[in-house]
Amino acid sequence: MNYLNLGCGSRFHSDWVNLDLKSSSQHVRAVDLSQGIPFPDQSFSVVYHSHFLEHLPKQAAVDLLRECCRVLIPGGVIRVVVPDLEQIVRTYLSILDMKPEDNPVLQCDYDWISLELLDQLVREFPGGEMAKYLRQVGIPNLEFVYERIGGEARRIVSSVQSQTPATKVKRNFIKTIRRFPAHLKKKITRYLLGKEDYKALEIGRFRLSGEVHQWMYDRYSLKKMLGEVGFVLVVRRGADESYISNWQSYNLDTELDGSVYKPDSLFMEAIKP
């Protein structure tokens with residue numbers, strides 16, 4: 001099957017060609033996509049990537065979409081999934097208009113949607129404030145959070161709740177042992193650079209790691225960008241709607257029960273002329 005999944009992480013299908021910076025499975029090939037897509041022109045009939053484009057600087061995102069166009073056959077389909085800036089902003093404004101200062105539940109909803117909007121743009125450590133929020137005991141607006149980001153939140157919360165104190169100690173011990181050579185280098189580097197310069201190094205290294213969002217998109221900006229690189233018939237889709245045959249069977253944007261994997265997403269498709 002000549003279907004290509006870029007920046008797949010752990011979300012892939014064995015019938016597809018799946019690429020990511022690091023391989024998480026025998027079905028995923030490790031590739032640095034900043035160097036381009038390593039296939040000849042017109043190699044694929046479908047190119048898909050989800051929650052990947054926003055991690056690239058804006059010009060690099062344009063370059064990636066041009067690469068997608070290059071490797072698609074004429075009539076081929078591109079499907080792009082990104083966090084929906086419009087949806088996040090509208091939810092933020094809606095909560096703000098309801099005066100959260102008068103309602104403790106809305107205050108929690110406001111805190112969460114603010115994190116959705118800003119945290120992954122500005123965070124300086126893995127997971128950021130969103131991860132801290134999901135790890136707290138007794139999340140007061142859990143259903144709202146589940147409604148916003150779906151299964152991803154459920155997995156994080158379930159993982160935290162399943163850890164006994166003994167499990168946490170064991171995991172921390174294993175992490176420390178595995179980390180020891182890097183820890184030694186860290187101590188030497190900190191000694192040489194000093195506290196402030198070392199902190200700047202750590203933040204810079206994290207900011208370049210690929211976790212943070214470099215740009216955000218809405219239905220207008222993403223459609224415009226796809227058109228500018230040469231795609232036509234750009235349309236907004238639902239998670240279970242697609243030009244791609246048997247799309248739902250791959251469960252890339254949906255869970256096995258049919259629910260949406262990332263409800264905060266904008267789903268766009270286009271055709272290479």
For [X] and [Y], which I'm curious about, is there any donor-acceptor pair between the side chains at under 3.5 Å?
{"X": "Thr254", "Y": "Gln248", "result": "no"}
{"X": "Gln107", "Y": "Asn103", "result": "no"}
{"X": "Asn2", "Y": "Ser45", "result": "yes"}
{"X": "Asp218", "Y": "Ser221", "result": "yes"}
{"X": "Tyr48", "Y": "Asp253", "result": "yes"}

(request) Apply the test salt bridge (charged side-chain N to carboxylate O under 4.0 Å, His left out) to residues Glu129 and Arg123: give CA-CA distance (whole Å), side-chain angles for both, the deciding distance (0.1 Å), then the verdict. (result) CA-CA 7 Å; Glu129 296 296 328; Arg123 68 176 56 162; over 6 Å; no

[Y] reachable from [X] in the ILVMFWY side-chain graph, under 4.5 Å edges:
{"X": "Leu21", "Y": "Val28", "answer": "no"}
{"X": "Tyr220", "Y": "Val234", "answer": "no"}
{"X": "Leu252", "Y": "Tyr261", "answer": "no"}

(request) Could you check if a side-chain atom of Ser23 sits within less than 4.5 angstrom of a side-chain atom of Arg29, using non-hydrogen atoms only? (result)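 The answer is no, as the side chains (C-beta and beyond) never meet within the 4.5 Å cut-off.
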
(message) Can you confirm whether Val82 sits close enough to Phe52 that some side-chain heavy atom of one is under 4.5 Å from a side-chain heavy atom of the other?
(response)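 Contact flag for Val82/Phe52 side chains = no.
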
(message) Given Asn5, which partner from the list Asn18, Val46, Val47 fulfils the side-chain contact (heavy atoms from CB on, under 4.5 Å) test?
(response)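 Result for side-chain contact (heavy atoms from CB on, under 4.5 Å) with Asn5: Asn18.
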
(message) Tell me every residue that passes salt bridge (Lys or Arg N to Asp or Glu O under 4.0 Å) with Asp32, counting only those two or more places apart in sequence or in another chain.
(response)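 Scan of Asp32 (salt bridge (Lys or Arg N to Asp or Glu O under 4.0 Å), adjacent residues dropped) gives none.
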
(request) Could you walk me through whether Arg11 and Glu255 pass the salt bridge (charged side-chain N to carboxylate O under 4.0 Å, His left out) test, one step at a time? (result) CA-CA 11 Å; Arg11 198 82 179 182; Glu255 303 284 17; 3.4 Å; yes

(request) List the steps and the verdict of salt bridge (charged side-chain N to carboxylate O under 4.0 Å, His left out) for Lys99 and Asp102. (result) CA-CA 6 Å; Lys99 298 183 178 180; Asp102 300 329; 5.4 Å; no

All N/O donor-acceptor pairs, side-chain side in residues 88-97, below 3.5 Å, sequence neighbours left out:
residue: Arg90; atom: NE; partner: Glu86; partner atom: OE2; Å: 2.9
residue: Arg90; atom: NH2; partner: Glu86; partner atom: OE2; Å: 3.1
residue: Thr91; atom: OG1; partner: Gln87; partner atom: O; Å: 2.8

(message) Applying ring-ring contact (aromatic ring centres under 6.0 Å, His included), can you list everything that pairs with Phe12, at least two apart in sequence or on another chain?
(response)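 By the ring-ring contact (aromatic ring centres under 6.0 Å, His included) rule, Phe12 matches no residue at all.
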
(message) Can you confirm if the NZ or CZ of Arg237 lies within 45° of the ring axis of Tyr243 and under 6.0 Å from the centre of its six-membered ring?
(response)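 Judged by the rule, Arg237 and Tyr243 form a cation-pi pair.
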
(message) Run Tyr3 and Phe44 through ring pair (Phe, Tyr, Trp, His ring centres under 6.0 Å) and show every step you take.
(response) CA-CA 6 Å; Tyr3 287 8; Phe44 296 94; 9.1 Å; no

(message) Which heavy atom of Lys272 sits nearest to which heavy atom of Arg70, and what is that distance?
(response) NZ-O, 3.7 Å

(request) Answer yes if the ring centres of Tyr250 and Trp16 are under 6.0 angstrom apart, and no otherwise. (result)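 Distance test on ring centres: under 6.0 Å, yes.
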
